[in-house]
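Only one structure is covered here, and it is reproduced in the block below.
Letters A, B, ... mirror the listed sequences (proteins, then strands); counts begin at 1.
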Amino acid sequence: MLEKTYDPKNFEEKIYASWEEKEYFKPNMNKNKEAFAVVIPPPNVTGVLHMGHSLNYTLQDILVRYNRMLGKNVLWQPGTDHAGIATQMVVERNLAAEGITRHDLGREKFIETVWQWKEKSGGTICKQLRRLGASCDWSRLRFTMDEGLSRAVRKIFVNLYKDGLIYKAKKLVNWDSKFMTAVSDLEVIQKETVGKMYYYKYPIKGEENEFVHIATTRPETMFGDTAVAISKDNEKLKHLIGKECIIPIINKAIPIVADEHADPEKGTGAVKITPAHDFNDFEVGKRHNLPLVNILNPDATLNENTPFEGMDTQSARKKTIETLESMGLMDKIEDHPMVIPYGDRSGVVIEPLMTDQWFVDAPKLAVEAMRVVENGEMEFVPKTYEKTYFEWMRNIQPWCISRQLWWGHQMPIWYGPDETIFCEENEEEALVAAEKHYGKKVELRRETDVLDTWFSSGLWAFSTLGWPDKSEFLDTFYPTSVLVTGFDIIFFWVARMMMMSMYMMKKVPFKKCYIHGLVRDEHGQKMSKSKGNTVDPMEIIEKYGADALRFFMAAMETQGRDINISESRIQGYRNFATKLWNSARFGEMNECVFNSDFDTAKVSHPVNKWIIEKVKQTSNELTENLNSYRFSDSANGVYQFVWGSFCDWYIEMIKPILYGEDEQAKAETRATFAWVLNRILIILHPFMPFVTAELWNNYHSEEDIINAQWPAKENVDENAIAHIDWVIELISAIRSLRAEMNLPAGSKLTAYLQGANEQSANNVNQFANIICALARLEKIELYNGDITPDMVQTVFRENTVLIPLKGIVDFAAERERLQKELAGLNKNLESYARKLNNPAFVDKAPAAVVEEERRRQAEALENKAKVEEALQRIVGL
RNA sequence: GGGUGUGUAGCUCAGCGGUAUGAGCACUACGUUGACAUCGUAGGGGUCACAAGUUCGAUCCUUGUCACACCCACCA
């Protein structure tokens with residue numbers, strides 16, 4: 001027996017636990033079945049579920065459950081990411097609360113602490129995923145720092161290194177002074193700010209009172225200047241080229257060089273060149289063979305190459321300006337809008353810094369990664385993201401993969417006594433290689449840098465399946481079927497997976513890549529803790545159930561758009577679950593028992609035929625929509641069918657049958673109801689797994705809905721649908737008439753149908769009880785008599801529906817209603833006439849369109865005549 | 001500066017070369033009829049941003065304009 005009210009708290013968690021216990025999420029490994037695999041975008045192991053996750057995992061679970069019901073061999077591979085910087089940051093913050101830094105602990109002890117923390121809090125996100133209903137194969141849970149995955153990382157690193165695709169170089173990199181590590185271009189975010197532009201001058205060497213005026217936003221970097229550049233086309237200043245100028249305060253002479261980087265239109269036309277601290281200047285420096293002077297310590301304080309050693313950049317800037325001012329060298333200071341780079345995790349200003357770092361030759365790896373998208377081996381859905389992907393890939397820069405952090409995969413690099421590099425999968429092999437190289441045993445020193453987190457994520461599609469070992473899973477499920485992820489990590493992750501997979505596996509990591517948008521707040525604002533507009537999915541689940549949240553996500557997911565969270569809408573989908581629940585209760589009360597032998601072909605009652613054909617039609621459309629990743633169309637189609645067709649019409653129409661005397665019709669209707677409800681549960685299950693399972697379990701004792709068979713494409717009898725649609729339209733017409741004439745809902749009326757053709761006459765006779773029940777009529781009859789002034793009328797197809805009111809007609813209201821109807825008809829007639837009187841239209845438009853237009857015109861004309869007659873009759877009354 | 005999207009009902013958004021049967025919420029009126037008030041019935045509400053072009057026909061295609069959003073690049 002079902003509870004009177006739908007309360008997801010009563011069963012959601014219980015059902016999930018039983019699924020997991022029965023190991024339903026494991027692939028069936030049936031070799032005769034098509035394989036379908038999805039690897040989860042691994043959440044940060046220490047993270048908690050947010051709305052973006054809810055969307056991402058819901059979409060995947062829909063696809064996974066759908067494919068499982070298609071009978072495929074389905075794997076949803078779960079796992080979590082060690083998230084280098086993010087995790088280290090959290091743990092360091094915890095330590096800071098106790099007044100300790102990671103340096104107090106030392107590397108080994110610190111890493112141990114991180115592992116402990118991972119063990120303690122790492123399970124949260126997985127628990128929350130279960131709560132959402134995600135049907136991953138938890139027995140295969142992976143973590144990017146697992147032994148197996150770490151081995152994969154080392155192996156591919158060694159391969160890349162030996163192929164010359166990983167190299168060490170001293171380069172200008174983005175330096176994060178908080179974490180004291182290099183970061184990649186992607187981890188730098190540019191922020192608009194209003195800063196200052198400082199104008200000052202350098203004296204020309206050997207000249208009295210001659211200066212070169214320069215402008216900069218970072219005056220403190222002047223101690224690292226090794227030249228001033230001027231364009232050779234700069235008529236005003238080109239006479240200075242070749243001379244030298246003096247950096248004040250430190251009294252250092254630097255050359256004035258000719259370089260096109262100095263735009264005569266910008267600033268003063270002369271640019272100070274600081275090759276060690278600016279990407280553009282670095283290039284200029286290379287062109288002119290300028291020395292590099294590093295002026296910063298790793299923590300972004302000024303170093304011994306400056307007079308302000310130990311000061312942070314802001315203080316040094318102030319001090320520099322003051323000193324220049326006192327020397328009479330300042331020209332002016334102006335407000336200046338500019339863009340400043342910040343570390344996306346640390347929030348501090350990123351400084352370009354010369355350091356030794358490791359790089360992946362991304363431009364080379366990008367070639368294959370682009371080719372397989374060009375030739376369609378991997379397809380983006382929606383297709384438009386392909387452009388974003390290509391755009392980035394074409395302009396890709398070497399990828400800086402070394403991080404001076406502690407938490408992460410330590411690079412498999414060892415240095416010999418003379419700094420010779422040995423890159424091997426483990427220390428033993430490195431030692432062997434070194435012995436061979438030196439001709440004797442030597443001590444090696446391991447590289448302390450760790451890898452960018454995204455390096456290991458890039459291997460995810462095959463490392464989780466067992467690579468580098470031989471594995472049945474790898475053979476069966478690679479390449480995976482589809483990757484579902486947000487557009488914000490196309491570069492971070494999708495692109496890297498493509499590059500790494502093509503390099504190592506020579507096959508795409510996934511055949512399709514479904515890209516979804518961001519989840520925003522109700523008004524389209526980005527959700528953030530600082531704005532205070534975040535919505536916690538766990539609270540939503542607590543309040544409305546996981547099914548409601550999932551259905552919301554599916555219903556809102558239209559390709560290429562962000563989703564605005566809307567609690568009222570989620571509530572609406574909870575109501576939908578309630579509606580479904582109550583319809584099942586209706587079935588239970590009326591002894592509608594599911595019978596697997598039920599044969600839809602033997603059904604005879606038109607109402608039953610109608611709902612059977614409708615549900616087949618809905619299933620067909622749903623299958624098509626799911627196959628083309630049209631989530632919102634999928635969800636909305638089922639929603640409309642369940643609420644609109646099944647609940648609003650079918651249940652109401654069968655009440656007269658179920659409460660009637662015809663036992664055979666009753667039996668057939670009960671069986672039909674149960675069959676249709678069963679079908680609804682199946683097709684709704686990927687979207688709302690919990691409520692469908694709970695209702696299913698109410699009458700299936702053996703089989704579980706998870707393994708229920710998804711309906712194959714079926715032929716739909718359109719006539720059976722049209723038959724009852726006629727009844728529905730008639731009832732709607734009568735209800736409309738009643739409401740507009742303000743006829744009390746309780747009043748039992750008689751309706752006449754005038755001008756009925758044979759078909760309509762049959763319908764009225766056959767469905768009189770249904771029509772009367774739903775339109776709240778005493779009786780409905782065919783009528784051939786005259787229309788009298790006390791009748792109100794409405795036109796329905798070829799018929800006129802008449803309701804005699806025996807003196808209670810409100811003629812004013814009736815006149816108003818008829819006039820409104822007439823105005824509508826006239827408007828339509830104008831439009832038809834405009835088209836049909838246009839010879840070009842009749843000539844060139846497809847015949848079917850012209851025919852349809854003619855039919856509409858004829859019908860409207862007929863209706864108009866009837867309405868006009870009606871108006872005539874009540875003139876003066 | 002380069003790119004990609006988006007402007008449709010009060011709000012949030014679907015949709016489509018052939019009258020916008022648009023959806024949910026909100027709104028108005030009526031309603032407790034033996035699943036459901038987490039409900040039912042009926043209804044109001046739109047020059048589909050603007051302009052030009054293509055077309056028999058444009059909200060939909062093309063171009064331009066305006067507005068907004070996002071991505072990439074750029075610290076003179």
> With distance as the sole criterion, is a donor-acceptor pair present between the side chains of A:N698 and A:E588 under 3.5 Å?
Replying inline: yes
> Which heavy-atom pair separates A:D278 from A:P352 by the least distance, and what is that distance?
Replying inline: N-CB, 4.2 Å
> Taking atom types as modelled and ignoring hydrogens, do the side chains of A:T618 and A:E621 form a donor-acceptor contact shorter than 3.5 angstrom?
Replying inline: no
>> Between P on B:rC36 and CZ on A:R585, what's the gap in Å once rounded to a whole number?
In response: 6 Å
>> Can you identify which nucleotide, out of B:rU38, B:rC13, B:rU33, has its nearest atom closest to the A:N564 side chain?
In response: B:rC13
>> Quick check, does A:F841 stack with B:rG57? I mean ring centres under 5.5 Å and planes off by under 30°.
In response: no
>> Given B:rC36, B:rA35, B:rU19, identify the nucleotide with an atom nearest to the side chain of A:N828.
In response: B:rU19
> Reckon A:D278 touches a base, only the sugar-phosphate, or nothing at all at heavy-atom distances under 4.0 Å?
Replying inline: sugar-phosphate
>> Distance check needed: B:rG44 P versus A:R817 CZ, whole Å only.
In response: 13 Å
> Under 4.0 angstrom, heavy atoms only, what part of the nucleic acid is A:Y385 near: base, sugar-phosphate, or nothing?
Replying inline: nothing
> Between A:I189 (CD1) and B:rC70 (P), how many Å, whole number?
Replying inline: 13 Å
> Can you tell me how far C1' of B:rA29 sits from CD of A:E740, to the nearest Å?
Replying inline: 12 Å
>> Mind checking if A:R218 touches a base, just sugar-phosphate, or nothing, with heavy atoms under 4.0 Å?
In response: base
>> Closest approach to the side chain of A:Y639, judged atom by atom: which nucleotide of B:rG24, B:rA35, B:rC70 is it?
In response: B:rG24
> Does A:W643 have a side-chain nitrogen or oxygen under 4.0 Å from the phosphate oxygens OP1 or OP2 of B:rG40?
Replying inline: yes
> Which nucleotide, in any strand shown, forms a Watson-Crick or G-U wobble pair with B:rA26, with both distances under 3.5 Å?
Replying inline: none
> What is the distance from CG of A:D562 to C1' of B:rA69, rounded to the nearest Å?
Replying inline: 9 Å
> Phosphate oxygens OP1/OP2 of B:rG40: is one of them under 4.0 Å from a side-chain N or O of A:K579?
Replying inline: yes
> How would you label the contact of A:P839 with the nucleic acid (heavy atoms, under 4.0 Å): base, sugar-phosphate, or nothing?
Replying inline: nothing
> With a non-hydrogen cut-off below 4.0 angstrom, is A:E652 in contact with a base, only sugar-phosphate, or nothing?
Replying inline: base
> Which is true for A:T388 with a 4.0 Å heavy-atom rule: it touches a base, it touches only sugar-phosphate, or it touches nothing?
Replying inline: nothing
> A:H523 side chain: which of B:rA76, B:rU4, B:rU12 is closest?
Replying inline: B:rU12
> Taking atom types as modelled, is there a side-chain donor on A:K201 or A:T268 under 3.5 Å from an acceptor on the other?
Replying inline: no
>> In whole Å, I'd like the distance from the CG atom of A:L774 to the P atom of B:rA42.
In response: 10 Å
> Within the pair A:K387 and B:rG5, is there a side-chain N or O less than 4.0 Å away from OP1 or OP2?
Replying inline: yes
>> Mind checking if A:F279 touches a base, just sugar-phosphate, or nothing, with heavy atoms under 4.0 Å?
In response: nothing
> Which of the following nucleotides, B:rC56, B:rA35, B:rA23, is nearest to the side chain of A:K844?
Replying inline: B:rC56
> In terms of ring plane angle, is the pair A:F576 and A:F551 parallel, tilted or perpendicular, where the classes change at 30° and 60°?
Replying inline: tilted
>> If I compare all heavy atoms of A:K526 with all of A:K531, which pair ends up nearest, and what's the gap?
In response: O-NZ, 3.2 Å
> A:K655 side chain N/O closer than 4.0 Å to the phosphate oxygens (OP1, OP2) of B:rA35?
Replying inline: yes
> Contact class for A:T217 (heavy atom, under 4.0 Å): base, sugar-phosphate, or nothing?
Replying inline: base
>> Using Watson-Crick or G-U wobble geometry with both distances under 3.5 Å, which nucleotide pairs with B:rA49?
In response: B:rU65
>> Quick check on B:rU41: is either OP1 or OP2 less than 4.0 Å from any side-chain nitrogen or oxygen of A:R776?
In response: no
>> Taking pairing as Watson-Crick or G-U wobble with both contacts under 3.5 Å, can you name the mate of B:rC60, or confirm there isn't one?
In response: none
> For the side chain of A:D263, counting heavy atoms from C-beta on, which of B:rA76, B:rU12, B:rG40 is nearest?
Replying inline: B:rA76
> Once you round it to whole Å, what is the distance between C1' of B:rA42 and NZ of A:K820?
Replying inline: 10 Å
>> Under 4.0 Å, heavy atom to any atom of RNA chain B: which of residues 190-198 of chain A qualify?
In response: A:Q190, A:M197
> So, A:Y544 versus A:E567: side-chain donor-acceptor pair below 3.5 Å or not?
Replying inline: yes
> Of the candidate nucleotides B:rU12, B:rU41, B:rC72, which contains the atom at the shortest distance from the side chain of A:R735?
Replying inline: B:rU41
>> What's the closest nucleotide to the side chain of A:R520 if the choices are B:rC70, B:rU38, B:rA35?
In response: B:rC70
> Taking OP1 and OP2 of B:rC36, is either one under 4.0 Å from a side-chain nitrogen or oxygen of A:S583?
Replying inline: no
> Applying the side-chain contact (heavy atoms from CB on, under 4.5 Å) test to A:P275, which of A:T226, A:L172, A:D225 qualifies?
Replying inline: A:T226
>> Please compare A:A840 and A:A773 by the position of their nearest nucleotide in RNA chain B and report the one closer to 5'.
In response: A:A773
> How many angstroms lie between OG1 in A:T669 and CD1 in A:I611, if you round to the nearest 0.5 Å?
Replying inline: 11.5 Å
> Using a cut-off of less than 4.0 Å, is there contact between a side-chain N or O of A:N575 and OP1 or OP2 of B:rC39?
Replying inline: yes
> Within this structure, what is the CD1-to-P distance between A:I570 and B:rU12, rounded to whole angstrom?
Replying inline: 17 Å
> Taking the side chain of A:M589 as its heavy atoms from C-beta onward, which of B:rG5, B:rA42, B:rA35 lies nearest to it?
Replying inline: B:rA35
> Going by modelled atom types, is there a donor-acceptor pair between the base of B:rU38 and the side chain of A:Y6 at under 3.5 Å?
Replying inline: no
>> Using a 4.0 Å heavy-atom cut-off, does A:H336 contact any base of the nucleic acid, only the sugar-phosphate backbone, or nothing at all?
In response: sugar-phosphate
>> Taking A:R856 first and then A:E852, would you say they form a salt bridge - that is, a charged N and a carboxylate O separated by under 4.0 Å?
In response: yes
>> Heavy atoms only, 4.0 Å cut-off, all strands: where does A:A215 land among base, sugar-phosphate and nothing?
In response: sugar-phosphate
>> Of the listed nucleotides (B:rG44, B:rU38, B:rC72), which one gets closest to any side-chain atom of A:R574?
In response: B:rU38
> Want to settle it: does A:S566 or A:Y573 sit nearer the 5' end of RNA chain B, counting the closest nucleotide to each?
Replying inline: A:S566
> Parallel, tilted or perpendicular for A:W643 and A:Y639, by the 30°/60° rule?
Replying inline: tilted
